[in-house]
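Predicted model only: the values in this text are computed from it and were never measured. By convention here, the first residue in the shown sequence is residue 1.
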Amino acid sequence: MNLPAISLSTDQAEAWDAVAEMLRHVGVDIDDGDITPPVEDGENDPRVLAVVGKAGSGKSLLLAELTRALKNAGVQIVSGDFEGKRRRDRRSLSVLAPTNKAASVLRTRGVPATTIHRILYTPVYDPAYERVAAWLAGQDDRPEPGILSEVALDRAWASYQINSSIPAALAAAGLRGSDFITGWKRREEPLDIGFVDESSMLDARALQDLQAIFPTLVLFGDPAQLPPVQGEGGMVFESLPPENRLELHRVHRQEADSPILDLAHALADPALEFEDFERMVAEAAGRDPRVVLAERVEADLMARSPVLVWRNATRIRLIHAFRAAHGAPDDELLPGEPLICDGIELPLKHRKKRLDLEARGLIKGAQVVYLGPGRRPGFSRLFIMGAEEPQVSAASIVKIEMEGEAEPFIPFAAQMGATFLHGAAVTIHKAQGSQWDTVQVFAPDIYAAARMGRVEAGQPLWKRLAYVAITRAERELRWVVRNRLGRPSGPLTVSDLQAGGALTLEGEDA
């Protein structure tokens with residue numbers, strides 16, 4: 001039997017039973033470990049179930065345990081790397097997240113997650129390497145030495161046991177992406193079961209796209225987060241019938257209570273005012289080092305963990321202060337500067353290149369670190385935070401927004417390619433789905449939202465902003481109360497990003 005390896009609370013157990021019943025109805029019994037072939041297309045209505053709860057309510061734990069049970073039952077995990085030949089009797093699961101950072105958070109917890117975009121577009125492998133990929137995925141025997149030597153095959157196998165990534169494994173064998181992936185194609189055939197984390201970030205169109213691929217969907221989301229910016233004011237799971245929504249109420253903490261989660265849940269008190277909340281932050285800082293009432297923003301942290309703000313004007317001012325503190329020139333970037341991908345601007349004739357970059361993680365909202373100029377003018381070497389193969393080289397258009405100016409300043413640019421904004425500070429909306437070890441929240445912006453008195457989905461906007469911002473912190477929350485920036489302790493560096501032996505995508509031939 002595939003019972004959970006850990007003890008579940010009452011509400012988690014009820015959610016487990018509901019998901020298990022839905023899966024049993026479509027031929028996958030995670031309690032007894034029995035699976036049957038999927039029904040033919042058209043014989044089964046799409047099923048969507050939502051598991052919702054606030055930060056610390058155990059959603060990620062439940063998702064991980066359900067994934068483990070499905071894998072133990074014989075369900076194949078489809079991660080977007082390589083699927084091999086389709087079998088009619090195969091049952092499969094994909095664990096998805098809207099962003100690379102959100103997917104990487106799950107992977108650090110042992111869940112083989114990938115991005116929604118990576119599932120929509122699948123790689124086309126060179127036939128010479130399909131046998132190697134099938135062997136790594138457990139679908140074929142070890143190939144005889146030929147295109148790869150015994151030593152290279154051993155390196156690929158060892159890498160796959162650690163990373164569960166076929167491109168990374170083939171890179172460890174000495175290959176480049178262009179050696180074994182000939183292109184990318186939009187998925188046409190449906191998959192089977194989909195688990196979607198951070199589903200509060202989905203809009204109605206994204207849900208429709210997922211339902212077209214997955215006849216069985218389980219959404220995991222936080223109803224207290226901010227709704228999608230381009231949505232219709234709500235979250236997709238709010239439109240589901242009540243019987244299709246399961247809510248986790250109990251707060252599951254680690255061995256030591258989390259002061260950050262305590263603060264997040266305190267925001268649910270309708271009588272709580274901003275001044276009361278800030279006093280609670282100060283009290284928490286006085287008794288626990290994981291909460292800091294900071295008098296200034298720390299420039300050192302901004303290089304890898306952006307300051308979270310509400311207003312764009314604040315974001316732009318902090319970015320310019322960060323660059324000035326590091327002595328960055330106006331006409332170029334320094335290696336180590338953080339960026340945010342704002343989309344890819346390529347004509348239709350370069351569609352393959354666009355799909356290649358997007359499938360490897362360079363999608364709108366991706367957090368990137370600039371490594372240095374590429375070999376051709378306008379190209380940049382980049383490190384995509386949270387991506388499985390993080391190093392890419394791409395034509396880049398970098399925009400540095402100017403306070404009070406409608407048009408951004410562009411220090412350098414290719415004629416077309418991936419566009420980037422600076423990432424030393426980001427809006428709280430853009431931060432959803434991401435987590436960092438230490439998070440700096442710019443409290444004067446939260447106070448400004450409180451003074452405006454805006455309400456969003458029945459909740460004061462400042463409370464939703466504060467909730468999302470502080471729950472981005474995994475270990476330490478820094479509540480910044482002054483409009484000041486501390487001097488950096490040293491120059492920017494990329495040495496912390498070069499230890500992974502990541503696959504490099506040769507993209508400068510486009």
Side-chain angles (χ1 to χ4, degrees), residues 296-309 311-346 357 362 364-385 390-427 430 436 440 442 480 482-498 502 504-505 507-508 510:
R296 63 187 184 186
V297 174
E298 294 298 332
D300 288 339
L301 292 173
M302 295 171 71
R304 298 294 179 269
S305 175
V307 182
L308 303 187
V309 304
R311 298 175 291 192
N312 264 320
T314 306
R315 179 178 64 87
I316 293 169
R317 285 198 300 269
L318 282 169
I319 288 170
H320 283 279
F322 170 83
R323 301 199 77 232
H326 281 286
D330 291 338
D331 58 348
E332 63 179 300
L333 292 176
L334 298 176
E337 287 199 64
L339 302 172
I340 300 290
C341 181
D342 199 40
I344 298 179
E345 299 176 2
L346 287 174
L357 291 172
L362 202 59
K364 188 176 178 68
Q367 299 166 43
V368 174
V369 176
Y370 176 74
L371 299 179
R375 292 192 300 268
R376 291 174 54 189
F379 277 76
S380 302
R381 291 182 294 112
L382 306 165
F383 188 98
I384 306 170
M385 303 297 289
Q391 293 188 28
V392 302
S393 179
S396 308
I397 304 168
V398 180
K399 302 176 181 179
I400 306 295
E401 295 157 290
M402 308 297 291
E403 188 176 1
E405 299 290 337
E407 295 297 324
F409 173 67
I410 302 177
F412 66 91
Q415 291 184 337
M416 60 189 68
T419 61
F420 298 95
L421 303 176
H422 206 278
V426 302
T427 61
K430 289 258 179 92
W436 297 272
Q440 301 184 91
F442 194 71
V480 181
R482 296 285 183 272
N483 190 11
R484 298 174 182 170
L485 178 70
R487 292 183 180 278
S489 61
L492 287 168
T493 179
V494 296
S495 59
D496 58 314
L497 306 175
Q498 297 175 338
T504 300
L505 174 67
E508 298 183 23

Taking the side chain as every heavy atom from C-beta outward, state whether Arg323 and Leu334 have any atom pair closer than 4.5 Å. no

Where do His326 and Pro488 come nearest, in terms of heavy atoms and distance? CE1-CB, 3.4 Å

Atom of Pro338, atom of Ala303 and distance for their closest heavy-atom approach: CB-O, 3.5 Å

Apply side chain to side chain contact (heavy atoms under 4.5 Å, CB included) to Gln367 and Ile340, showing your working. CA-CA 5 Å; Gln367 299 166 43; Ile340 300 290; 3.7 Å; yes

So Asp342 and Lys364, side chain to side chain contact (heavy atoms under 4.5 Å, CB included) or not? Walk me through it. CA-CA 5 Å; Asp342 199 40; Lys364 188 176 178 68; 3.0 Å; yes

Closest non-hydrogen atom pair, Ser489 against Asp300: OG-OD2, 2.7 Å

Under 3.5 Å donor-acceptor, Thr419 side chain and Ile397 backbone: no

Heavy-atom neighbours of Arg304 CZ exceed 12 at 6.0 Å: yes

Output for pair (Leu318 CG, Gln440 CD), nearest 0.5 Å, gives 9.0 Å

From CZ (Arg317) to CD (Glu401), nearest 0.5 Å: 13.0 Å

CG of Asp496 to CZ of Phe383: how many Å apart, nearest 0.5 Å? 8.0 Å

Can you give me the closest heavy-atom contact between Ala418 and Leu362, atom names plus distance? CB-CD2, 3.8 Å

One should read off an interatomic distance between Met385 CE and Cys341 SG, to the nearest 0.5 angstrom, of 15.0 Å

Show the nearest heavy-atom pair for residues Val368 and Phe420, with the distance to one decimal. CG2-CE2, 4.0 Å

Would you call Val480 and Val307 a side-chain contact if the rule is heavy atoms closer than 4.5 Å? no

So do the side chains of Tyr370 and Val494 get within less than 4.5 Å of each other, counting heavy atoms only? no

Value for CZ (Arg376) from OG (Ser393), rounded to nearest 0.5 Å, stands at 9.5 Å

Would you check, one step at a time, whether the test side chain to side chain contact (heavy atoms under 4.5 Å, CB included) holds for Val369 with Leu339? CA-CA 6 Å; Val369 176; Leu339 302 172; over 6 Å; no

Gap between atom CZ of Arg296 and atom CZ of Arg487 - 0.5 Å precision: 10.0 Å

Checking side chain to side chain contact (heavy atoms under 4.5 Å, CB included) for the pair His320/Ile400: CA distance, chi angles, key distance, verdict? CA-CA 9 Å; His320 283 279; Ile400 306 295; 3.7 Å; yes

Taking atom CZ of Arg311 as the centre, does the number of heavy atoms from other residues, nucleotides or ligands within less than 6.0 Å exceed 12? yes

Tightest non-hydrogen contact, residues Ala366 and Ile384, listed as CB-CG2, 4.4 Å

